[in-house]
Amino acid sequence: MNACARLRARAFAATYDRLNAAAERTVMGQRRAELLTAAHSVVVEIGTGTGANLPHYDAAQVQHLLLTEPDPYMRQRLERKIGDAVPRLREAAEVVDGSAEHIDLPDASADVVVSTLVLCSVGDAAVSAAEAVRVLKPGGQLLVLEHVGSESASVRRWQDRLTPIQRRVAGGCHLNRDTVMELRRAGLETGGVKRWELGGAFGRLMPIVEGAVRKPAV
Ligand SMILES: C[S@@+](CC[C@H](N)C(=O)[O-])C[C@H]1O[C@@H](n2cnc3c(N)ncnc32)[C@H](O)[C@@H]1O
């Protein structure tokens with residue numbers, strides 16, 4: 001990472017929680033909470049960032065929570081937030097420097113993988129989806145809350161135009177990824193995914209997909 005990229009990464013991590021605070025309070029926090037009711041036993045979260053999901057895990061359901069995050073500035077904030085978590089979650093949590101494309105776990109070892117606002121930013125969404133499938137037990141679930149490419153052609157053109165800027169200012173984030181298609185191609189059952197939008201122009205540029213996608217049982 002060169003000095004300029006390091007500065008951008010540092011600024012992104014430092015402002016992330018503040019920039020998202022209103023959306024978290026009004027909508028996203030509730031969506032995260034509902035999604036994560038399905039997180040249990042051995043859970044891997046990819047691209048954990050500053051730890052926005054931490055308050056929403058049910059500590060009584062989670063035995064091991066592997067929190068992977070490749071960005072050191074995000075990890076610093078994550079470590080601090082773990083310090084504020086309830087003792088049982090603190091004991092279950094382990095933070096590692098790792099990417100979604102390579103999760104340091106054996107095949108079929110996780111009950112649940114969590115990906116919220118991450119597959120837009122990973123270097124390779126197809127490899128990341130395949131890696132989630134690899135580590136999941138048969139019948140295990142990938143819980144997703146991701147913003148994706150629009151189904152509207154005109155909005156999609158705007159997403160394509162704005163993605164180069166978005167990538168620079170928002171940690172490599174793409175506005176235009178076909179994330180559900182990538183998940184389906186990786187072999188996950190995506191029938192239960194819901195699409196919704198936050199209000200306004202910003203919401204149209206960032207339509208959300210949300211739900212549990214399952215690795216087939218056999
Ligand atoms: C928009 S933030 C989302 C953070 C958090 N998941 C949330 O819901 O608030 C995207 C995160 O993905 C991480 N990321 C970027 N590339 C990644 C990769 N290849 N593998 C895993 N995480 C990655 C970034 O460092 C950042 O923390």
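Order of appearance sets the numbers: ligands from 1, and atoms from 1 within every ligand.
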request  = Apply the test salt bridge (charged side-chain N to carboxylate O under 4.0 Å, His left out) to residues Arg156 and Glu151: give CA-CA distance (whole Å), side-chain angles for both, the deciding distance (0.1 Å), then the verdict.
outcome  = CA-CA 7 Å; Arg156 184 56 180 257; Glu151 288 176 327; over 6 Å; no
Return the closest protein heavy atom for [atom] as residue, atom name and distance.
atom                    : result
atom 23 (C) of ligand 1 : Pro70 CG, 3.5 Å
atom 9 (O) of ligand 1  : Tyr16 OH, 2.7 Å
atom 8 (O) of ligand 1  : Thr116 OG1, 2.6 Å

Is the shortest side-chain heavy-atom distance between [X] and [Y] below 4.5 Å?
X      : Y      : answer
Arg134 : Lys215 : no
Tyr57  : Val114 : yes
Leu143 : Val113 : no

Using a 4.0 Å cut-off to any heavy atom of [X], which atoms of ligand 1 qualify?
X     : value
Ala52 : 9 (O)
Gly49 : 4 (C), 27 (O)
Asp71 : 25 (O)

Nearest non-hydrogen contact with [atom] belongs to which option: [options]?
atom                    : options                     : result
atom 10 (C) of ligand 1 : Thr50, Asp17, Leu117, Ile46 : Leu117
atom 12 (O) of ligand 1 : Ala9, Gly47, Gly51          : Gly47
atom 26 (C) of ligand 1 : Glu146, Glu101, Glu69       : Glu69
atom 20 (N) of ligand 1 : Ala100, Cys120, Cys173      : Ala100

inquiry  = Could you check whether any heavy atom of Ser121 sits closer than 4.0 Å to an atom of ligand 1, since that is the contact criterion I want to use?
reply    =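 It does; at least one heavy atom falls under 4.0 Å.
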task = Please state which part of Thr48 comes within less than 4.0 Å of ligand 1, counting heavy atoms only: side chain, backbone, both or neither.
result =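 For Thr48, the contact with ligand 1 is made by the backbone alone.
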task = Please confirm whether the backbone N or O of Gly149 pairs with a side-chain atom of Asn176, one donor and one acceptor, at under 3.5 Å?
result =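 Not a single qualifying donor-acceptor pair exists.
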query = Would Asp17 and Arg77 satisfy salt bridge (charged side-chain N to carboxylate O under 4.0 Å, His left out), going step by step from the backbone distance to the final call?
reply = CA-CA 10 Å; Asp17 285 346; Arg77 287 177 157 70; 5.9 Å; no
key: Inter- and intrachain pairs under ring pair (Phe, Tyr, Trp, His ring centres under 6.0 Å), touching residues 9-31, at least two apart   =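 Qualifying pairs, neighbours excluded: Phe12-Tyr16.
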Donor on one side chain, acceptor on other, Gln61 and Ser41, under 3.5 Å =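 Not at all, the side chains of Gln61 and Ser41 share no donor-acceptor pair under 3.5 Å.
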inquiry  = Does ligand 1 come near enough to Arg32 that some N or O of the ligand is less than 3.5 Å from an N or O of the residue?
reply    =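 Yes; the residue has a nitrogen or oxygen that sits under 3.5 Å from a nitrogen or oxygen of the ligand.
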ask   = Does the pair Arg32 and Glu24 meet the rule for a salt bridge (charged side-chain N to carboxylate O under 4.0 Å, His left out), with working shown?
value = CA-CA 9 Å; Arg32 291 179 192 274; Glu24 292 293 334; 2.8 Å; yes
